[in-house]
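The chain is numbered in sequence order, starting from 1. Since the structure is predicted, the reported quantities are computational estimates derived from the model, not experimental observations.
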Amino acid sequence: MHLGLRLCTERGLTISSMELDSLFIVNCFNDQWDPPWTIEYILRDCKNLIPPNASISHVYREGNGLADRLAAHGHTCQGIAIFDRDSLPPSCIAAYQADILGQPQYRLP
């Protein structure tokens, strides 16, 4: 989340909403829970990178299949990789298309 927000800021993109699959982070971000000290400074920086009226909400992994597939792909990469819709890894293309169409996605067991 932190690196993504920094990338958006560098590219001049404004965040209006974020969906995270970690209810813990959502609740910390929305000041419902106190974050552990080990991530407090990261959350503070994230809050500074988005407008105060941005919506931060929880979504199950199936609610954002592309993010789930990109995260899985990221575990196979070294360093930081940046993708746009024209350079998605092959394993992510179907999830991207389903997200655009608003179709639910499910993880294989």
Side-chain angles (χ1 to χ4, degrees):
M1 176 180 70
H2 188 231
L3 291 175
L5 288 172
R6 289 181 58 159
L7 181 62
C8 288
T9 300
E10 289 171 10
R11 292 187 174 195
L13 302 171
T14 302
I15 301 296
S16 60
S17 68
M18 288 192 323
E19 295 178 334
L20 306 172
D21 67 358
S22 170
L23 183 59
F24 175 76
I25 296 297
V26 169
N27 286 336
C28 289
F29 209 94
N30 290 326
D31 296 323
Q32 294 173 349
W33 295 348
D34 291 328
W37 67 269
T38 53
I39 64 167
E40 186 175 7
Y41 76 96
I42 295 171
L43 284 176
R44 193 174 328 122
D45 192 39
C46 288
K47 286 181 181 184
N48 290 331
L49 292 171
I50 63 169
N53 60 341
S55 163
I56 315 298
S57 59
H58 176 255
V59 64
Y60 292 100
R61 286 184 189 141
E62 295 83 5
N64 193 339
L66 178 58
D68 189 42
R69 300 306 183 296
L70 283 168
H73 178 77
H75 285 286
T76 68
C77 299
Q78 290 189 352
I80 296 173
I82 298 172
F83 302 103
D84 59 29
R85 68 175 168 244
D86 298 322
S87 66
L88 287 172
S91 61
C92 300
I93 292 172
Y96 171 72
Q97 292 169 338
D99 270 1
I100 288 198
L101 297 172
Q103 297 173 338
Q105 300 174 57
Y106 304 99
R107 276 185 157 196
L108 297 174

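In this structure, the side chain to side chain donor-acceptor pair (under 3.5 Å) partners of Asp84, at least two apart in sequence or on a different chain, are Ser87. Remark: Ala98 engages Gln103, Gln105 in a side-chain contact (heavy atoms from CB on, under 4.5 Å) (not counting sequence neighbours). Annotation: salt bridge (charged side-chain N to carboxylate O under 4.0 Å, His left out) contacts of Asp31 (sequence neighbours excluded): Lys47. For Arg85, the side-chain contact (heavy atoms from CB on, under 4.5 Å) partners at least two apart in sequence or on another chain are Tyr96. Annotation: side chain to side chain donor-acceptor pair (under 3.5 Å) contacts of Asn27 (sequence neighbours excluded): none. Taking the salt bridge (charged side-chain N to carboxylate O under 4.0 Å, His left out) definition, one finds that Asp21 meets it with Arg61, sequence neighbours left out.
Clustering of Ile, Leu, Val, Met, Phe, Trp and Tyr by side-chain heavy atoms under 4.5 Å joins Ile42 with Tyr41. Using a 4.5 Å cut-off between side-chain heavy atoms of Ile, Leu, Val, Met, Phe, Trp and Tyr, Ile56 falls into a hydrophobic cluster with Met1, Leu5, Ile15, Met18, Leu20, Phe24, Ile25, Val26, Phe29, Trp33, Ile39, Leu43, Leu49, Ile50. Applying the 4.5 Å side-chain rule to ILVMFWY residues, one finds that Trp37 remains a lone member of its cluster.
Every pair tested for salt bridge (charged side-chain N to carboxylate O under 4.0 Å, His left out) that includes a residue from residues 70-82 fails, sequence neighbours excluded, so the list is empty. Counting only residues at least two apart or on different chains, no side-chain hydrogen bond (donor to acceptor under 3.5 Å, both in side chains) pair has a member in residues 10-19. Within the structure, ring pair (Phe, Tyr, Trp, His ring centres under 6.0 Å) pairs that include any residue of residues 47-77 comprise His58-Tyr60, His73-Phe83 (at least two apart or interchain).
Counting non-hydrogen atoms of other residues, nucleotides and ligands closer than 6.0 Å to CD1 of Ile100 gives a total above 12. Under a cut-off of 6.0 angstrom, the local environment of CG in Asn48 is crowded, with over 12 non-hydrogen atoms contributed by other residues, nucleotides or ligands.
In plain terms, the two heavy atoms of Pro35 and Cys28 that are nearest each other are CA-SG, 3.6 Å.
Hydrophobic clustering, with ILVMFWY side chains joined whenever heavy atoms are under 4.5 angstrom apart, keeps Leu101 apart from Leu66.
Here the side chains of Leu70 and Pro89 are in contact, with some heavy-atom distance below 4.5 Å. The side-chain heavy atoms of Arg69 and Ser91, taken from C-beta on, include no pair separated by under 4.5 Å.
The distance from the SG atom of Cys8 to the CG atom of Leu3 is 11.0 Å, given to the nearest 0.5 Å.
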